[in-house]
Student: 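A single structure is presented below for examination.
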Amino acid sequence: MAQLVDGISRTFNEFLLLPNRTSVDCTPATVDLRAPLVRHVAGEPSAIELRTPFTSAIMQAVSSPELAIALAREGGLGFLHHNRPVEDQVADIRAVKNFKAGFVFSDTNVRPTDTLGHLWELMERTGHTTAAVTDDGTASGRLLGLVTSRDFHPQRHDAAALVSTRMVPIDKVPHSGDDIALSTANARLWEERLDCLPTVDESGRLRHLVFRSDYTDNKRFPTQLVDDGKRLRVGAGVNTHDYRDRIPALVEAGVDALAFDSSDGFSDWQAEALTWAKKHYPEVPVGGGNVVDAEAFTFLADAGADFIKVGVGGGSICITRDQKGIGRGQASAVLDVAAARDAYRDNTGQYVPICSDGGLVHDYHVALALAMGADFVMMGRYFARFDQAPGAKVPTRDGFVKEYWGEGSSRARNWQRYGQGGRGLQFEEGVDGYVPYAGDLHEGLATTIAKIKATMVSCGAADLRAFKDTARLTLVSEQSFQESHATVMVRETAGLD
Ligand code: RVP
């Protein structure tokens, strides 16, 4: 007979935290947001510690190399998606690992034989006004010159004219080898009054551009997540179909952590794939999931998972619960799995971190997830709103929105994640939509971090371990939920201004 599990399936909206006593030395400045990423002996540090407890969803609409770079610079970790050929994912891993602060990959590139009209369109699309002219029009072609918005204007120059007629040829463009230090490049930018210094390899192929405006950039990111060689860390999603080919290539490219990406990870396929990965690459952390209960957590932990993602059906773009009737309220799932993780630690001496994945709509939901026991969170909708996410930015009457679509939507065609017994999707488990545009990730995440730190201070917790151990939660009634919101007419709607 079917079994009815205890308790109701609850979401974050149904809980609030009670303030705890705050000591004088517990302030936002002293709050520590470091979180273990991978399995470790209880009481000892994790081999990789996130410096802020955020990871980006393994989704086409979220985790571009740009986003992974921006997030690693904030101390979190981006997971690049796997729903594409291995070599494309490898190229993105390399782009993050090769990132050097202040040295950017050129995203506005043309051939000398392209037209000025094409160049103008490209500049409008990327929002950048310096273009590299290379023999093949790519960011790694042989550098033939530079062309900037100072060199031509669509009203002044014929759109059909060629880039070669307006570009500054390479023999007149100051440039450097790629081994130049950022401080030296900056000195040249100032001394030679340059806006941009391209760097090239021994055969003259473009490597990076250094801009004067990036001069102070590095000081903005004191909590970067880097490996032993000071390169930014990056993660990658993998699936249970082609992991034997994909994992070796990702490891070769320098990936820092892998995550088996499945909407339902409680399966023999995932256990087999985890066992294979740990046997062949014991030194590379590999996560599993997604799960929503203790039994599934223990199953994947026993199979060797180094961290486990929690969440089925709670994602903002997810319709799995509507379509298949499976899932669990995210708060209940996190509370149950966190208890299982602690029991596993007590029984085995191994601490296997858990990640709350999906369904975080408000910043305070992140604080709740962490208080309920998540070691770190994974977010899709949240990151899809920023400039660095790959979705197009679309104007509306009231501002801008960004495209955001689920991996279970027809648009994503991710049959590896949403396996329905064959190649291709027979029905959708995700939607294709828009999220409000939120500008630069650095600014947006700073506000979220400020709120989480403020919550932790109110709860008297100076670090995430203490936050979990001492959090006191209360369920809210519908009436008290109403009371949480402003009950006066806010200024903009009062019609007085
Ligand atoms: P959210 O942050 O609420 O946007 O949720 C993101 C999560 O939703 C992903 O990390 C993944 O677990 C899940 N997802 C991705 N695509 C879909 C879908 O199409 N159903 N769901």
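Because only heavy atoms are used, hydrogens play no part in the values below, and waters and symmetry mates are left out as well, while side chains stay in. When a ligand or atom number is given, it counts from 1 through the structure's own listing order. What you are looking at is a predicted structure, and each value in this text was computed from that prediction instead of being measured.
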Student: I need the nearest protein heavy-atom contact for atom 16 (N) of ligand 1: residue, atom name and distance, please.
Tutor: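 Heavy-atom neighbour on the protein nearest atom 16 (N) of ligand 1: E407 N, 2.9 Å.
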
Student: What protein heavy atom sits nearest atom 20 (N) of ligand 1, and how far off is it?
Tutor: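 Ranked first by proximity to atom 20 (N) of ligand 1 is E429 O, 2.6 Å.
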
Student: Under a 4.0 angstrom heavy-atom cut-off, which atoms of ligand 1 come close to M59?
Tutor: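 So the answer, numbered in order with elements, is 9 (C), 15 (C), 16 (N).
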
Student: Hey, is Y382 touching ligand 1 through its side chain, its backbone, both or neither, going by heavy atoms under 4.0 Å?
Tutor: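 No part of Y382 is near ligand 1 at this cut-off.
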
Student: Can you check whether E49 reaches L225 side chain to side chain, under 4.5 Å on heavy atoms?
Tutor: no

Student: Look at atom 2 (O) of ligand 1 and say which protein heavy atom is nearest, naming residue and atom and giving the distance to 0.1 Å.
Tutor: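 Answer, as residue, atom name and distance: G380 N, 2.7 Å.
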
Student: Which part of N290 is near ligand 1, with near meaning a heavy atom under 4.0 Å away: side chain, backbone, both or neither?
Tutor: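 Under 4.0 Å from ligand 1, N290 contributes side-chain atoms alone.
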
Student: Which of the numbered atoms in ligand 1 are below 4.0 angstrom from a heavy atom of M379?
Tutor: 2 (O)

Student: Tell me: protein heavy atom nearest atom 11 (C) of ligand 1, and distance?
Tutor: R417 NH2, 3.4 Å

Student: Contact between ligand 1 and F383 is defined here as a heavy atom of the residue under 4.0 Å from a ligand atom; is it met?
Tutor: no

Student: Would you mind checking which non-hydrogen protein atom is closest to atom 19 (O) of ligand 1, with the distance to 0.1 Å?
Tutor: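 Scanning the protein heavy atoms, the shortest distance from atom 19 (O) of ligand 1 goes to G408 N, 2.6 Å.
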
Student: Please determine if K309 has a nitrogen or oxygen closer than 3.5 Å to a nitrogen or oxygen of ligand 1.
Tutor: no

Student: With under 30° as parallel and over 60° as perpendicular, where do the rings of F297 and Y344 fit, or are they tilted in between?
Tutor: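 The rings of F297 and Y344 stand perpendicular, inter-plane angle above 60°.
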
Student: What atoms of ligand 1 come closer than 4.0 angstrom to any heavy atom of R381?
Tutor: 1 (P), 2 (O), 4 (O)

Student: Run the ring-centre check on F12 versus H362 and record whether the distance is less than 6.0 Å.
Tutor: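 No, the ring of F12 stays outside the 6.0 Å limit from the ring of H362, centre to centre.
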
Student: Quick one: are F54 and I452 in side-chain contact, heavy atoms under 4.5 Å?
Tutor: yes

Student: Students often mix this up, so state it plainly: with edges at 30° and 60°, are the rings of H208 and F103 parallel, tilted or perpendicular?
Tutor: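 Perpendicular, since the angle between the ring planes exceeds 60°.
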
Student: Taking the side chain as every heavy atom from C-beta outward, state whether P53 and L464 have any pair of such atoms under 4.5 Å apart.
Tutor: yes

Student: Using a 4.0 Å cutoff against the non-hydrogen atoms of S316, which atoms of ligand 1 qualify?
Tutor: 1 (P), 3 (O), 4 (O), 5 (O)

Student: Just by distance, with hydrogens left out, do T448 and D363 show a side-chain donor and acceptor under 3.5 Å apart?
Tutor: yes

Student: For atom 9 (C) of ligand 1, what's the nearest protein heavy atom and its distance?
Tutor: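 Heavy-atom neighbour on the protein nearest atom 9 (C) of ligand 1: D357 OD1, 3.4 Å.
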
Student: Does some side-chain heavy atom of P248 sit less than 4.5 Å from a side-chain heavy atom of Y281?
Tutor: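 Yes, at least one pair of side-chain atoms sits under 4.5 Å.
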
Student: Is any side-chain heavy atom of V62 closer than 4.5 Å to a side-chain heavy atom of Y382?
Tutor: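 Not touching, per the 4.5 Å side-chain cut-off.
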
Student: So, 4.0 Å and heavy atoms of G359: is ligand 1 close enough to count as a contact?
Tutor: yes

Student: Closest heavy-atom contact between H81 and Q60?
Tutor: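 Shortest heavy-atom separation between H81 and Q60 comes out as CE1-CG, 3.3 Å.
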
Student: Are N13 and H365 side-chain neighbours, meaning at least one heavy-atom pair lies under 4.5 Å?
Tutor: yes

Student: For atom 21 (N) of ligand 1, grab the closest protein heavy atom and report residue, atom and distance to one decimal in Å.
Tutor: Y418 OH, 3.0 Å

Student: Looking only at protein heavy atoms, identify the closest one to atom 8 (O) of ligand 1 and say how far it is in Å.
Tutor: G315 CA, 3.7 Å

